[in-house]
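Below is one structure, written out as structure tokens; the observations come after it.
Chain identifiers are assigned alphabetically (A, B, ...) following the order of the sequence lines, protein sequences preceding nucleic acid strands; residue numbering begins at 1 within each chain. All figures in this text were calculated on a predicted structure; none of them were measured in a lab.
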Amino acid sequence: MKPFVVHSGITAPLNRANIDTDAIIPKQFLKRIERTGFGQYLFYEWRYRADGTPVADFVLAQSAYQDATILLAGPNFGCGSSREHAPWALLDYGFRAIIAPSFADIFYNNCFKNGILPIVLPDQSVQRLFEQVELRGSRILTIDLPAQEVRDADGTVYPFAVDAYRKKCLLEGLDDIGLTLRHEEQISVYETTAPFARSIVSSGV
Amino acid sequence: MADTGKHFPRTMFDKIWNDHVVREHADEPTLLYIDLHLVHEVTSPQAFEGLRLAERQVRRPDLTFATADHNVPTTDRREPIADPIAKQQIDTLRANCAEFDIPFADISSVDQGIVHVIGPELGLTLPGKTIVCGDSHTSTHGAFGALAFGIGTSEVEHVLATQCLQQSRPKTMEVVVSGSLPLGVHAKDLILGLIARFGTAFGTGYVIEYRGPAIRKLSMEERMTVCNMSIEAGARAGLIAPDETTFAYLRNRRHAPPDVEWERATETWRKLCSDPDAKFDARLEFDADQLVPQVTWGTSPGMGADVTGRVPDPADVEDPTVRQSTDLALRYMGLQPGTPIQEIAIDRVFIGSCTNGRIEDLRAAATVVRGRRVASTVHAMVVPGSYQVKQQAEQEGLHEVFLAAGFEWREPGCSMCLAMNPDVLAPGERCASTSNRNFEGRQGRDGRTHLVSPAMAAAAAIAGHFVDVRTFAARA
Ligand code: SF4
């Protein structure tokens, strides 16, 4: 996993509530068996008409946001299915962070596993950032994970909270599985005492 | 856990969680043991690939169970799968299961079906277990008093490799449902009504325990419908305490404890329910007596109305964010503000999914359909949730009721719930669907989905538009 420390980039505004994972990556593109290559399908049905021509006024089609790496969105971002293809598509497209007033649980969790930083800011701060980006054209934001702050071009600082363990994993790009396997002995001990750790296969297949 | 003699009132969630803690350490998430890992073709290939790249093994293939359901065709299974990419995913799962020695209900197997339908059917889902699957509707299994939740593919890989998950402890919420469901009002109306009232995020960060007299009266199928859609309220999981209804359902299921262990098992399961004085972090109340059949009009499961109601007018909505999403939803759905729900004409009907593809759902729909004909303007289909459901329905002659009325009778799978297989809405088509999500494009690009109960879907199929099944069912 690519570590996330300090990141500055262009911010794309997508001012809608409840952006669900079907919108982020429609299911017709879930059939790949790799983790990469999903970026071309990100927000597909908003980006392209049914005949495949691009929707010119969709935010990602506008030249100002071509190289966006930060996404600014409305509340309950990432609701819907557990598909990790959603963060894969965002990452593959180039996004490293998402700022929203709130996120759906599974999506929020999936972001950290893929080196994307989801940032929860209060509603008012998000609205202010939308104004900055959309009306004033001030598109560059800096995200400083060690300091836990977002900074805009004016120097306004927006502090955010992040779980200490997740922060550490992102900063160091740590592999969860490797960390858990360090405790293999404890897992084995648990298995000898737990009621259900017995095989499902033995009771009848 | 050892009984210290001291009385700490605990919720059902606390009990299950505490029983599964492998390791706890300050500033780190808890390492939680997983008793059952269900696997399907769409969210697993990258996880198996990850294992191979890291040269890791599946720790407990014997606690893992796989099936193909999401993109299987629902037409004759003896035909080759036409979509080459769907075929590749299913072939990949088959090969992965063979390589890692994981039990697999292949598409030709009599055990095949939607993963959340077959888990309970096979008795794999049991009270007190921790259950995960790379699918958000894993919350379904909470109906048995199992702590069950959806995970992403990285976590699928993590569970395959370690049989554990790193989890932070969620908060608990009790949703107390008083009264009982009136005639013609079903579990689907209950969960849709709850979400319409409290919003699609009221459960975010919580594990919900559904309690109260209305819940106790629900059958297992109905409880599964309620828990299934907990995720649509944002919750991590839904739970219902196991009771005699649960035990009667599980008895003699293939993987349920055999007779010699049965007494001891039920005795343990009875102790799972929340202590009377246990504290929840939040509480909501809801009255089932007042409930009316529900129909969603928008593009989020919370955008619902009573069947006797009307499509809302964005101009009446005060909150600007809600007004904007209402407006966008109505435009997408092609609906005029103020339209009576019962004047909305439909083109398609889909009865199926892990929410409402079980035997009781098909019985409820068949009761409405019997002796009637599907409207000439409607294309209607029934897709059983599993082979077992299909067989049972055929034994009861339900398929004949559906076929005689003009419904299609299909092979089991997720089908038009997410339309990854060829069962897709055409642009602009309007569907009465018993599934769980009405997101834009969910059932096909520019397709319009209205979520309803199986009885309401059946009535709409006959009438050609939404009708109040409470009065419709009685009409000759
Ligand atoms: S039926 Fe629908 S919701 Fe259920 S598992 Fe299949 S796709 Fe997911």
Checklist line | chain A interface, residue from B:Q166, B:E440, B:K129, B:E49 that has the most non-hydrogen pairs under 4.5 Å | finding: B:Q166
Next item on the list: Report the option among A:L181, A:N114, A:L179 that has the most heavy-atom pairs separated by less than 4.5 Å from atoms of chain B.
Entry: A:L181
Check: Any side-chain donor paired with an acceptor under 3.5 Å for B:S154 and A:E84?
Finding: yes
Next item on the list: Just give me the residue among B:D446, B:T299, B:L418, B:V322 that pairs up with chain A most often, heavy atom to heavy atom, under 4.5 Å.
Entry: B:L418
Next item on the list: Select one option (side chain, backbone, both, neither) describing which atoms of B:A235 are under 4.5 Å from chain A's heavy atoms.
Entry: neither
Note to self: Between B:S136 and A:R83, do the side chains contain a donor N or O and an acceptor N or O under 3.5 Å apart?
What the structure shows: no
Checklist line | Option that, when pairs with chain B are counted at under 4.5 Å, heavy atom only, ranks first among A:P75, A:A17, A:G80 | finding: A:G80
Next item on the list: On the 0 to 90° scale, with breaks at 30° and 60°, tag the B:H70-B:H40 ring pair as parallel, tilted or perpendicular.
Entry: parallel
Check: Are the aromatic ring centres of A:F38 and A:F29 under 6.0 angstrom apart?
Finding: no
Check: What part of A:I106 gets closer than 4.5 Å to chain B, counting heavy atoms only: side chain, backbone, both or neither?
Finding: side chain
Checklist line | Qualifying residue for side chain to side chain donor-acceptor pair (under 3.5 Å) with B:H158, from A:T180, A:D175, A:D176 | finding: A:T180
Next item on the list: Flag the one option from B:D135, B:V156, B:N436 with the top tally of heavy-atom pairs under 4.5 Å to chain A.
Entry: B:D135
Check: Picking from B:F149, B:Y33, B:F48, which has the most non-hydrogen pairs under 4.5 angstrom with chain A?
Finding: B:Y33
Item checked: A:Y190 versus B:R23, side-chain donor and acceptor atoms under 3.5 Å -> no
Check: Are side-chain N/O atoms of A:Q28 and A:E45 paired as donor and acceptor at under 3.5 Å?
Finding: yes
Note to self: When you measure from the side chain of A:R96 to the backbone of A:G115, do you find a donor-acceptor pair of N or O atoms at a distance under 3.5 Å?
What the structure shows: yes
Margin query: Does any backbone or side-chain atom of B:E28 lie under 4.5 Å from a heavy atom of chain A? Answer side chain, backbone, both or neither.
Written below: both
Next item on the list: Pick one of side chain, backbone, both or neither for B:R437, based on which atoms fall under 4.5 Å of a heavy atom in chain A.
Entry: side chain
Notebook entry, point to check: What part of B:L328 lies closer than 4.5 angstrom to a heavy atom of chain A: side chain, backbone, both or neither?
Noted result: side chain
Margin query: Given heavy-atom pairs under 4.5 angstrom as the criterion, report whether the side chain, backbone, both or neither of A:A104 touches chain B.
Written below: neither
Next item on the list: Give a yes or no answer on whether the side chain of B:Q443 reaches the backbone of B:M416 with a donor-acceptor pair at less than 3.5 Å.
Entry: yes
Next item on the list: Would you mind checking which part of B:T153 comes under 4.5 Å of any heavy atom in chain A, side chain (CB onward), backbone (N, CA, C, O), both or neither?
Entry: both
Check: Tell me, side chain or backbone of B:L165 under 4.5 Å from chain A's heavy atoms, or both, or neither?
Finding: neither
Item checked: Partner chain A: residue of B:G441, B:A201, B:P29, B:A86 with the largest heavy-atom pair count (under 4.5 Å) -> B:P29
Next item on the list: Could you label the plane-to-plane angle of the A:F4 and A:H7 rings as parallel, tilted or perpendicular, counting under 30° as parallel and over 60° as perpendicular?
Entry: tilted
Note to self: Test your reading of the model: is there a side-chain donor-acceptor pair from B:E24 to the backbone of B:V21, 3.5 Å cut-off?
What the structure shows: no
Next item on the list: Using non-hydrogen atoms and a 4.5 Å limit, figure out which bit of A:Y165 sits close to chain B: side chain, backbone, both or neither.
Entry: both
Notebook entry, point to check: Do you see a donor-acceptor pair shorter than 3.5 Å between the side chains of B:N96 and B:R52?
Noted result: yes
Check: In terms of heavy-atom pairs under 4.5 Å with chain A, which of B:T43, B:V42, B:L36 leads?
Finding: B:V42
Notebook entry, point to check: Is a donor on one side and an acceptor on the other found under 3.5 Å between the side chain of B:E41 and the backbone of B:N71?
Noted result: yes
Next item on the list: Please look at A:E184 and chain B and tell me whether the side chain, the backbone, both or neither of the residue comes under 4.5 angstrom of a heavy atom of that chain.
Entry: both
Item checked: Best-contacting candidate, A:N18, A:N15, A:D105, against chain B by heavy atom pairs under 4.5 angstrom -> A:D105
Checklist line | Part of A:S188 lying under 4.5 Å from any heavy atom of chain B | finding: both
Item checked: A:D152 side chain vs A:T156 backbone, donor-acceptor pair below 3.5 Å -> yes
Check: Which bit of B:I34 is near chain A, if near means a heavy-atom gap under 4.5 Å: side chain, backbone, both or neither?
Finding: neither
Margin query: Between B:T162 and chain A, with a heavy-atom cut-off of 4.5 Å, which part of the residue counts as in contact: side chain, backbone, both or neither?
Written below: both
Next item on the list: Sort A:Y108 into side chain, backbone, both or neither according to what part of it lies under 4.5 angstrom from a heavy atom of chain B.
Entry: neither
Item checked: Heavy-atom contact with chain A under 4.5 Å, split by part of B:D111 -> neither
Next item on the list: Compute both the distance and the angle, then confirm whether A:R47 meets the cation-pi test with A:F58: under 6.0 Å from the six-membered ring centre, within 45 degrees of the axis.
Entry: no
Check: Do you know which of A:D163, A:N76, A:N109, A:I187 has the most heavy-atom pairs with chain B at a distance under 4.5 angstrom?
Finding: A:I187
